[in-house]
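The figures here come from the full heavy-atom set of this structure, side chains too, leaving out hydrogens, waters and symmetry mates.
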Amino acid sequence: MKTAESMQSMLCMLLQAGLRTESAMFSEFFYQLRKNGLEVSLGEWLTLQDALTKGLHESSMTGFYYLARMILVKSETDYDKFDMTFEECFKTRKLTPGITETMLSWLNKEDMNDLFHEMNRDYMNQIEGEAMQIDKEDVEDTFKDRLKDQDSEHNGGSFWIGTMGKTQFGNTGGNMGGIRVGGKTGYQSAFEVVGERKYRDFRDDRVLTNRQFQLAFKRLRQFSTKLDIPETELDIDGTVDKTCNNGGCLQIVMQKPRKNAVKLLLLMDSGGTMIPYSSLLNELFQSVNKSNHFKDMKCYFFHNCIYSKLYRTPECENGDWIDTEWMFRNLDSDYKVLIVGDAAMAPEELYAKDGNYRGPNDGLSGWEWLQLMKRHYKKIVWMNPKMAPGNAPWREAETAIKGLLPMYKLTVKGLNDAMQKLMQTR
């Protein structure tokens with residue numbers, strides 16, 4: 001084994017790249033990869049060391065990056081985790097000229113995105129549906145000018161690059177469009193994102209796109225009930241197994257055809273703090289309507305929480321609704337219920353009997369209506385596009401709903417987990 005030689009090769013490479021040379025640096029990379037969720041085995045790590053010893057990285061940091069990624073990463077869904085770990089250990093991230101690590105530390109504020117949505121609920125309702133035109137070149141030129149002059153952190157205001165302000169650069173501000181620097185998305189309207197990770201969209205924990213929706217719903221077919229009908233469909237796997245066990249002599253195996261027996265009830269939160277996810281909800285709606293994997297599918301809308309009325313359209317206009325009690329009477333308990341919303345309502349909107357400020361409550365709070373939903377429908381899940389980890393104290397309503405209904409984040413993995421939960425036989 002050439003462990004000592006490979007370590008020396010690695011250290012020489014780091015010297016050439018002008019980086020720190022502590023011997024623990026290489027080992028730290030291994031442990032950070034595993035800590036960040038990449039299942040790197042000792043065998044793969046030794047293979048990387050052997051490749052370094054043979055000079056396959058060509059004594060460059062770029063070569064080392066691609067070599068390590070090729071050997072250690074098993075799926076493209078892990079590229080983003082690998083990139084983040086590589087930057088964390090070797091400090092190689094290339095930022096837009098003028099964007100320093102110090103400036104990013106000013107702009108990356110923990111939990112600022114949730115605070116943004118809480119403080120701007122009324123404003124987001126007000127701007128719903130607005131189409132704002134901006135001069136991209138003018139914004140870019142102004143952004144470059146600010147970069148040259150700014151020397152301190154700014155929160156709020158209407159001039160510098162910062163957070164919670166009114167300029168068109170920074171993050172969690174009150175302006176539609178512009179350039180987002182650091183932080184998390186607010187209105188999802190920025191035309192440019194500085195420092196955006198290249199492989200973020202490869203992850204299986206990212207928010208879904210139309211294609212992922214369709215693929216996920218397509219997989220539901222494997223859970224569809226097989227009805228008590230004649231065996232008229234060729235069982236390919238069974239035929240192969242029986243033929244192999246029969247010494248190669250063909251033995252045909254038939255099975256009952258799989259029918260679309262799944263009935264889906266889709267309920268989606270619309271407006272307010274769900275404005276940034278309107279495109280996502282539209283993709284979900286289109287994907288479900290295009291899917292042919294359901295015996296029946298119904299879709300209704302609500303605002304913040306389910307009350308006595310469910311709306312027929314995402315505009316949630318008064319009068320264009322159905323009674324929730326009617327739904328209970330006409331859509332039986334066999335329906336699988338998928339609720340999509342951010343659960344970002346104020347506590348009184350959940351618990352007060354008059355908490356629905358946009359329509360009738362019929363004497364029950366939103367919490368009581370959710371309890372009726374759970375009592376009537378045996379298979380019901382809630383999917384949240386911005387679910388907070390754990391029990392966030394500033395998300396009281398979300399925490400309460402998590403205790404009542406199974407809640408999953410609206411990601412590729414989350415949707416698959418939710419579908420499996422809906423299809424459990426017990």
E44 side chain vs S41 backbone, donor-acceptor pair below 3.5 Å: yes

Evaluate W367 against L364 for side-chain contact (heavy atoms from CB on, under 4.5 Å), listing each step before the verdict. CA-CA 8 Å; W367 178 252; L364 297 178; over 6 Å; no

Mind listing the closest non-hydrogen atom pair of M407 and A343 along with its distance? CE-CB, 4.4 Å

CD1 of I380 to CG of L338, rounded to nearest 0.5 Å, is 9.5 Å

Do any N or O atoms from the side chain of D342 and from the backbone of A344 form a donor-acceptor pair under 3.5 angstrom? yes

Roughly how far, to the nearest 0.5 Å, is the CG atom of D237 from the CD atom of Q255? 8.5 Å

Is a side-chain N or O of R312 found less than 3.5 angstrom from the main chain of D320, in a donor-acceptor match? no

Could you tell me whether the side chain of K81 and the main chain of L33 form a donor-acceptor pair under 3.5 Å? no

Any side-chain to backbone donor/acceptor pair from E349 onto A346? Under 3.5 Å, distance only. yes

Taking all atoms of both residues into account, what is the closest heavy-atom pair of D269 and N304, and its distance? OD1-N, 2.9 Å

Hey, are K74 and D78 close enough for a salt bridge, meaning a charged N less than 4.0 Å from a carboxylate O? no

Got a sec: does the CD of E39 have more than 12 other heavy atoms crowding it under 6.0 Å? no

Take L267 and V340, measure what side-chain contact (heavy atoms from CB on, under 4.5 Å) needs, and give me the verdict at the end. CA-CA 6 Å; L267 305 176; V340 183; over 6 Å; no

Presence of salt bridge, E368 and K353, under 4.0 angstrom: yes

Within a 6.0 Å radius of atom CG on L250, are there more than 12 heavy atoms belonging to other residues, nucleotides or ligands? yes

Got L415 and M383 here, is their nearest side-chain heavy-atom distance under 4.5 Å? yes

Please walk me through it: do M327 and I322 pass side-chain contact (heavy atoms from CB on, under 4.5 Å)? CA-CA 8 Å; M327 182 183 70; I322 64 164; 4.3 Å; yes

Evaluate the criterion salt bridge (Lys or Arg N to Asp or Glu O under 4.0 Å) for residue pair K421 and D417; output intermediate values, then yes/no. CA-CA 6 Å; K421 180 68 176 179; D417 291 344; over 6 Å; no

Determine yes or no for a side-chain-to-main-chain donor-acceptor pair under 3.5 angstrom, with S308 supplying the side chain and P360 the backbone. yes

Can a donor-acceptor pair be found, under 3.5 Å and without considering hydrogens, that links the side chain of K309 to the backbone of I306? no

Does the side chain of L404 come within less than 4.5 Å of Q371's, by heavy atoms? yes

Kindly give the heavy-atom pair with the smallest separation between R358 and H303, and that separation in Å. CD-CD2, 3.2 Å

Side chain to side chain contact (heavy atoms under 4.5 Å, CB included) with V337: of K263, M373, K298, only one passes, and it is M373

If every non-hydrogen atom of C305 is compared with every non-hydrogen atom of M345, which pair is closest and at what distance? CB-SD, 3.6 Å

Worked verdict on R329 versus W326 for side-chain contact (heavy atoms from CB on, under 4.5 Å): CA-CA 5 Å; R329 294 193 302 270; W326 178 92; 3.8 Å; yes

Looking only at heavy atoms, what is the nearest atom pair of L42 and F30, with distance? CD2-CZ, 3.8 Å

At what distance, to the nearest 0.5 angstrom, does CE of M419 lie from OH of Y408? 9.5 Å

More than 12 heavy atoms of other groups within 6.0 Å of K402 NZ: yes

Classify the side-chain pair Y377/D334 by whether it contains a donor and acceptor separated by less than 3.5 Å. no

Which pair of non-hydrogen atoms, one from A352 and one from N361, has the smallest distance, and what is that distance? O-ND2, 4.0 Å

Ring-ring centroid check Y307 W369, cutoff 6.0 Å: no

Report yes or no: is the cationic atom of R69 (NZ for Lys, CZ for Arg) closer than 6.0 Å to the six-membered ring centre of Y79, at no more than 45° off its axis? yes

Counting C-beta onward and ignoring hydrogens, is there a side-chain heavy-atom pair between L265 and Y300 closer than 4.5 Å? yes

With ring centroids as reference points, do F86 and F64 lie under 6.0 angstrom apart? yes

Give a yes or no answer on whether the side chain of T239 reaches the backbone of V253 with a donor-acceptor pair at less than 3.5 Å. yes

Mind checking the CZ-CD1 spacing from R395 to I401? Nearest 0.5 Å is all I need. 9.5 Å

To the closest 0.5 Å, what do you measure between CD1 (I339) and CG (L370)? 6.5 Å

Using atom types as modelled and distance alone, determine if a side-chain donor or acceptor of N246 lies under 3.5 Å from a backbone N or O of K242. no

